[in-house]
Amino acid sequence: MKIRSKYMTVVAAAAAAWAVAISPACAVSAEYDVTESTTGGTTLQFTACRVASYGQSCFAPTGEWFSVEDDKADGHSPVVYWELYKKDSAGDFTVRTRFGYIWHNGGNGTIGYQNKSFPEGLKVEFQLCLGEHPTRTVWADTCTSVAKVTS
């Protein structure tokens, strides 16, 4: 019995240490935005884009602007899923600090822009997907490949 008791104490201590170690990463919650401007980013230099049959999304590192374009009259919304990473102790971009979704509800043939505020020198990864904004449902099988840009 004493051996089992010691084993359970070690397991419980390890589980508690693991929970403390991962808690900061779990504390990051998703940001949800809807494009706020139809002209705000028109003079920016977009350096990375993702294109699908239903739309297009681009990112301008200077000013941290996203554009989201709806190119299909299907009643669905294009949505950008993005993640922001900082470097770990080895100098690799592996520490996710923020993530979120940018929805565009302007309808077919419209472009919306969303300005974010990211610190300089971090990596932004994003992809364009299709979904339903009212329920915040994103269809993963519609997502493009991931674009990676240093801001």
(Q) Looking at Ser151 and Leu122, would you say the former's side chain and the latter's main chain have a donor-acceptor pair under 3.5 Å? (A) yes
At what distance, to the nearest 0.5 angstrom, does [atom1] of [X] lie from [atom2] of [Y]?
X      : Y      : atom1 : atom2 : result
Leu128 : Gln56  : CG    : CD    : 8.5 Å
Lys148 : Phe59  : NZ    : CZ    : 15.0 Å
Asp71  : Asn108 : CG    : CG    : 7.0 Å

Q: Decide if the gap between the ring center of Phe66 and the ring center of Phe126 is smaller than 6.0 angstrom.
A: yes
Atom of [X], atom of [Y] and distance for their closest heavy-atom approach:
X      : Y     : answer
Thr47  : Pro61 : OG1-CD, 3.3 Å
Ser57  : Val68 : OG-CG2, 4.3 Å
Pro119 : Leu84 : CD-CD2, 4.2 Å

Side chain to side chain contact (heavy atoms under 4.5 Å, CB included) with [X]: which residues, sequence neighbours excluded?
X      : value
Thr137 : Glu132, Thr135, Trp139
Ser77  : Trp103, Asn105, His133
Asp74  : Tyr54, Lys72, His76, Leu130

Would you mind listing every salt bridge (charged side-chain N to carboxylate O under 4.0 Å, His left out) that reaches into [range], with sequence neighbours excluded?
range           : value
residues 52-64  : none
residues 98-115 : Glu31-Arg98
residues 46-58  : none

(Q) Does anything in residues 48-91 form a disulfide bond (SG atoms under 2.5 Å apart)? List the pairs, not counting sequence neighbours. (A) Cys49-Cys58
Q) Got a sec, which pairs hit disulfide bond (SG atoms under 2.5 Å apart) with one end in residues 117-151, sequence neighbours left out? A) Cys129-Cys143
Side chain to side chain, [X] and [Y], heavy atoms closer than 4.5 Å:
X      : Y      : value
Glu69  : Thr110 : no
Thr35  : Ile102 : yes
Arg136 : Tyr32  : yes
Phe93  : Glu125 : no
Glu120 : Thr150 : no

Residues two or more places apart in sequence or in another chain: which of them pass side-chain hydrogen bond (donor to acceptor under 3.5 Å, both in side chains) with [X]?
X     : value
Asp88 : Thr94
Glu83 : Tyr81, Tyr85, Arg96
Thr97 : none

Q.
My understanding is that only residues two or more places apart in sequence, or in another chain, count here; which of them pass ring-ring contact (aromatic ring centres under 6.0 Å, His included) with Phe99?
A. none
Q.
Pair Gln45, Thr62 - check side chain to side chain contact (heavy atoms under 4.5 Å, CB included), show working.
A. CA-CA 8 Å; Gln45 291 187 318; Thr62 303; over 6 Å; no
Q) Same hydrophobic cluster for Val80 and Val34, using side-chain heavy-atom links shorter than 4.5 Å among ILVMFWY? A) no
